[in-house]
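Have a look at the structure below, then the notes.
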2 protein chains.
Amino acid sequence: MSEVRSAFNVSCKNCGLQKICFPTGLQKDEIERLDNIVDRRAPLKKGQHLFEANDNFNALYAIRAGVVKLYSFTNTGEEIVHGFYLPGDVLGIDALGSRRHQYNAIALDTTSVCSLPFEKFSNLTDELPQLNKQMMNVISKEVLDGRMHSELLVRRNADQRVAQFIWNMSERYRSRGYASSEFRLSILHRDVAVYLGLTPETVSRILAKFHADGVATWKKKEVVIHDMDKLLNTAGIQTSCDSCNKATA
Amino acid sequence: MSEVRSAFNVSCKNCGLQKICFPTGLQKDEIERLDNIVDRRAPLKKGQHLFEANDNFNALYAIRAGVVKLYSFTNTGEEIVHGFYLPGDVLGIDALGSRRHQYNAIALDTTSVCSLPFEKFSNLTDELPQLNKQMMNVISKEVLDGRMHSELLVRRNADQRVAQFIWNMSERYRSRGYASSEFRLSILHRDVAVYLGLTPETVSRILAKFHADGVATWKKKEVVIHDMDKLLNTAGIQTSCDSCNKATA
DNA sequence: TATTTAGGTTGATATGAATCAACTCTGAAC
DNA sequence: GTTCAGAGTTGATTCATATCAACCTAAATA
């Protein structure tokens with residue numbers, strides 16, 4: 001109860017990510033019960049895997065700090081990057097059906113995670129309707145994120161993809177209460193290129209252009225958004241279109 | 001119990017899709033309980049919507065017969081096709097979190113669905129662990145399908161995309177016990193093009209080539225696969241690569 | 001401090017698929 | 001049967017991004 005925890009080892013009830021992570025909407029005593037099943041281990045070092053494809057599924061993982069890349073390979077050995085997971089995000093949904101992980105999850109930076117042993121977690125969701133609902137949100141988010149990734153790949157050109165990626169990261173930091181127009185991103189341009197279905201050269205050229213045009217700068221691991229409107233415009237997500245999601249076609 | 005049902009109105013316990021759909025792994029009496037909550041309505045005509053974006057989420061839908069296209073629009077009004085749902089597939093997962101549908105679902109052919117009112121279904125999963133597990137499979141499938149779609153879009157050229165699409169449809173029919181090298185596909189080439197991130201012209205050219213090369217023919221609504229090996233080869237999914245999903249990079 | 005190496009940049013060139021345009025086919029409506 | 005619209009085809013051309021290649025930079029290692 002009153003034990004001392006390091007910054008990497010905070011209980012759910014003291015965690016700044018409550019609004020994003022599983023505790024959302026839970027009562028104090030319910031959070032306490034969740035806290036009791038959370039397994040907090042030593043942080044992963046950069047380059048360490050949280051899990052690998054084909055590993056047994058033992059737990060869901062909530063990111064506490066750091067960044068994790070979820071990836072796999074095509075049968076010709078090319079890498080596919082499925083996404084990047086930030087603090088508050090949940091990893092492991094891919095294994096719910098088969099009880100084996102389908103992809104690899106690697107820390108891109110020092111990363112600490114809260115491990116939720118699935119057996120225990122599952123029992124708890126049976127008892128706490130709100131936790132079950134939050135689990136649905138997490139799952140749903142995973143599905144919708146995938147669809148958004150597809151949308152980006154089918155319908156956006158290179159400029160729009162890069163702009164949308166930067167904007168998306170900015171939004172995700174904002175929703176976590178961090179600065180959204182200036183932040184540290186421990187993701188290689190190379191990995192972003194793969195995620196966006198582009199080459200590193202193309203990403204590099206586009207970032208050079210964004211910098212020159214006063215849109216945004218991404219040098220080293222620092223992202224600075226100079227003009228949010230320009231960025232949104234470049235991403236092609238500004239034009240509000242009333243009838244857009246109506247089924248008319 | 002002994003009521004007469006049309007071909008479009010079969011109870012779960014007599015349904016040929018048991019192996020694919022929710023009843024998988026359930027006991028006879030459990031299937032009975034599932035049967036009791038299923039709401040079977042008149043079939044949808046071609047062009048009718050099962051649900052539209054922003055509709056309230058009331059139920060999950062299991063396709064009994066026909067084909068449904070799940071789609072939405074970008075904010076610039078371009079259509080995005082997320083997938084095609086065949087008999088045994090489940091629609092509505094996209095709404096689990098927000099309790100509102102995110103996309104539009106339209107029948108591409110006369111389509112009958114089994115409606116599972118979510119409230120009742122949810123209660124039943126609480127009581128039947130096997131049904132809950134099957135629900136996890138369904139959700140997981142939705143996530144993995146999305147990832148596979150992304151993979152196709154990032155890493156495959158036009159030929160491979162079309163070949164993989166045809167092969168994928170073939171496999172899905174095969175797993176349902178239908179003919180897999182000759183089948184009816186009520187999907188417009190136009191819709192496939194959108195799904196694959198290509199133009200109708202490109203799809204048309206590729207299909208002409210496949211026909212000329214004796215790979216496969218898709219004329220009108222009839223698909224005939226002439227040479228499965230060639231098709232797999234063209235799709236680029238034949239090369240088996242041992243170390244492919246290992247985390248080495 | 002020197003060396004190595006992975007990541008990133010920049011330029012020249014190639015190419016796959018989009019675009020534009022004209023035309024044909026097919027099935028539905030009259 | 002005729003008309004018409006939407007779907008599909010085919011060809012010529014354009015263009016965005018990949019590819020190839022050389023080089024730079026900074027962090028890691030010796």
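Note that these values count all heavy atoms, side chains included, but never hydrogens, waters or copies made by symmetry. In what follows, chains carry the letters A, B, and so on, assigned in the order in which the sequence lines appear, proteins first and then strands, with residues in each chain numbered from 1.
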Checklist entry - Crowded around K221(B) NZ? As in, over 12 foreign heavy atoms under 6.0 Å? => result yes
Checklist entry - Does Y195(B) have its ring centroid less than 6.0 Å away from the ring centroid of H82(B)? => result no
Checklist entry - Using a cut-off of less than 4.0 Å, is there contact between a side-chain N or O of T202(A) and OP1 or OP2 of dA18(D)? => result yes
Checklist entry - Of all the choices, dA7(D), dT10(D), dT9(C), which nucleotide is nearest to the side chain of L188(B) once you look at every atom? => result dA7(D)
Checklist entry - Can you check the K219(B) NZ to dT26(C) P distance for me, whole Å? => result 10 Å
Item to check | Sidechain-backbone polar pair: D213(B) side chain, F210(B) backbone, donor-acceptor under 3.5 Å | outcome: no
Checklist entry - Where along residues 155-163 of chain B does a heavy atom come under 4.0 Å from DNA chain D, residue by residue in number order? => result none
Item to check | Under-3.5 Å donor-acceptor pair between R205(B) side chain and dG11(D) base | outcome: yes
Item to check | K220(A) side-chain N/O to dA27(D) phosphate OP1/OP2 under 4.0 Å | outcome: yes
Checklist entry - Would a 4.5 Å heavy-atom cut-off, applied to side chains only, mark R172(A) and Y178(A) as touching? => result no
Item to check | T199(B) side chain near dA18(C) phosphate (N/O to OP1/OP2, under 4.0 Å) | outcome: yes
Next on the checklist: Taking the ring centre of each residue, are H211(B) and W218(B) less than 6.0 Å apart?
Outcome noted: no
